[in-house]
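Before any comments, here is the structure.
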There are 2 protein chains.
Amino acid sequence: MTAHGNAPEGVPDDVRTRILDAAERLFYERGIQAVGMDELRTAAGVSLKRLYGTFPAKHDLVEAYLRRRDARWRADLAAYVDAATEAGGAVAAPADRLLAVFDWLGSWFAAQDFRGCAFINAYGELGATSEGVARVTRDHKQALRAYLADLARPSNHPDPAALASQLALLVDGAITAAAISGEPASAHTARTARTAAAALIGAIATTPNI
Amino acid sequence: MTAHGNAPEGVPDDVRTRILDAAERLFYERGIQAVGMDELRTAAGVSLKRLYGTFPAKHDLVEAYLRRRDARWRADLAAYVDAATEAGGAVAAPADRLLAVFDWLGSWFAAQDFRGCAFINAYGELGATSEGVARVTRDHKQALRAYLADLARPSNHPDPAALASQLALLVDGAITAAAISGEPASAHTARTARTAAAALIGAIATTPNI
DNA sequence: TAGTCTAGAGAACGAACGTTCTCCACGGAA
DNA sequence: TTCCGTGGAGAACGTTCGTTCTCTAGACTA
């Protein structure tokens with residue numbers, strides 16, 4: 001069957017999704033400025049007219065790519081944390097839920113297409129020139145900090161927000177270090193971050209301690 | 001006096017320095033791909049012929065910019081740590097020298113031209129395409145980790161290299177967070193990282209057995 | 001002074017980019 | 001069948017970039 005099903009009007013969602021899928025794969029893998037609209041059209045399998053009809057300019061597509069990735073990234077993280085800590089049926093310790101964040105990072109770092117934080121990369125590339133990219137990046141990091149604070153709040157830590165900020169530094173540092181150091185060292189990086197996080201949380205006893 | 005003093009041969013150092021100064025200012029402030037060779041020539045005050053005679057291609061200039069910045073950045077950091085911890089004349093505690101690193105970060109974040117880590121930015125922009133940029137970035141982060149390990153070694157920490165890796169994550173995370181969050185929050189970011197570092201340095205060090 | 005070399009200023013070139021426009025094939029309505 | 005609107009394929013446009021080439025002014029040598 002062809003892809004032009006029963007589109008309600010304007011741009012069918014299918015086209016938008018296909019464009020964003022191609023954009024995410026190419027932008028994340030090679031950088032935003034290294035991917036031209038023509039190559040993107042080919043990868044998405046749409047015409048230039050449809051491409052520009054869906055996203056009037058490249059920076060609109062860039063921001064949409066980052067916004068969608070932000071939502072999916074945080075949803076994946078939250079799903080992993082929930083799945084990892086609801087096994088017993090009983091409510092898990094807040095420390096375990098916080099540490100699960102770093103387990104998820106470890107599995108992400110091991111993915112073959114891992115290339116660091118899409119937002120940090122985009123910020124390094126366009127943050128100085130594009131206010132939109134800078135804003136999306138700020139929002140993403142702020143949302144991550146808020147999520148960590150939500151995880152930390154049920155604990156008996158005296159300052160959950162401060163703990164969340166500290167852990168957020170570890171998360172960003174680990175993502176960056178894993179991206180730069182490359183494949184073999186990235187698993188070790190995740191464990192290093194997890195150990196440090198455990199120390200900050202105060203759950204040194206539960207640290208695997210390799 | 002003119003700039004063509006007693007050059008031994010080829011390109012006088014003055015020209016090379018002027019080019020690198022302009023490149024560092026522009027590349028760091030606006031990104032590498034956002035600065036053209038023509039604008040760079042104007043900023044450096046040299047002719048295109050001299051520019052290409054000194055650096056045969058843009059990527060040579062990019063790598064030279066990163067290499068020089070790496071050397072100066074780490075020298076500045078080491079000088080600050082030495083100056084901050086040699087006041088008494090007696091040898092300072094290793095923990096204080098490690099924490100001085102984060103004090104230096106705080107002063108750096110407050111600089112008006114602070115725009116994050118030049119290497120992380122360059123890696124996000126060109127790391128996927130340029131092996132040279134990726135290598136310089138790896139070397140820079142590796143050298144930072146080695147320096148932190150040197151600072152940690154005199155302590156009674158059971159694993160100075162592991163502590164150095166943990167602190168390196170905090171350093172990278174703090175630089176990134178400070179760059180993204182912008183001016184007002186960056187001072188707070190440095191203090192957050194310093195607090196976390198103190199916990200990591202002290203927590204495990206006071207653990208009786210490992 | 002005549003000749004030669006160097007280097008500056010910037011024009012020029014080829015490629016690539018983001019974006020728009022042209023042409024044509026196709027499908028539904030009358 | 002004829003008309004019309006939609007959309008695909010890709011040519012075209014204007015700009016920008018990295019890099020090279022041309023022209024010329026000046027300094028040094030014999």
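Proteins get letters first, then strands, A, B, ... in listed order; numbering begins at 1 in each.
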Pairs flagged by side-chain hydrogen bond (donor to acceptor under 3.5 Å, both in side chains) wherever residues 22-42 of chain B is involved - sequence neighbours left out: B:E24-B:R68, B:E24-B:R69, B:E24-B:R72, B:R30-B:E39, B:D38-B:R41
May I have the distance from A:L51 (atom CG) to D:dA9 (atom P), rounded to whole angstrom? 13 Å
With no hydrogens and no angle check, is any side-chain donor or acceptor of B:Y123 less than 3.5 Å from a backbone partner on A:A179? yes
Rounded off to whole Å, could you give me the CG-to-P distance for the B:L40 and D:dG18 pair? 9 Å
How many whole angstroms separate atom CZ of B:R50 from atom C1' of C:dA9? 14 Å
Is there side-chain contact between A:L77 and A:W108, with at least one heavy-atom pair below 4.5 Å? no
For every nucleotide of nucleotides 19-24 of chain C, 5' to 3': is a protein heavy atom under 4.0 Å from its base (B), only from its sugar-phosphate (S), or from neither (-)? BB-B--
Does a side-chain heavy-atom distance below 4.5 Å link B:S181 with B:T189? yes
Tell me every residue that passes side-chain hydrogen bond (donor to acceptor under 3.5 Å, both in side chains) with B:D159, counting only those two or more places apart in sequence or in another chain. none
Can I get a per-line list of side-chain donor-acceptor pairs under 3.5 Å for residues 162-172 of chain A, giving both atom names and the distance, sequence neighbours left out?
| unit_1 | atom_1 | unit_2 | atom_2 | d |
| --- | --- | --- | --- | --- |
| A:S165 | OG | A:A161 | O | 3.3 |
| A:D172 | OD1 | A:K141 | NZ | 2.8 |

Describe, in one word, how the ring planes of A:H140 and A:F119 are oriented to each other, choosing from parallel (under 30°), tilted (30 to 60°) and perpendicular (over 60°). parallel
How long is the gap from CG on A:L144 to CG on A:D139, to the nearest 0.5 Å? 12.5 Å
I'd like to know if B:R153 and B:D150 make a salt bridge, using a cut-off of under 4.0 Å between side-chain N and carboxylate O. yes
Scan residues 123-133 of chain A against DNA chain D and write down, sorted by residue number, each residue with any heavy atom closer than 4.0 Å; if none is found, say none. none
Among residues 23-34 of chain B, which contact DNA chain D at a heavy-atom distance under 4.0 Å? none
Tell me, do B:W104 and B:V81 make a side-chain contact under 4.5 Å, heavy atoms counted? no
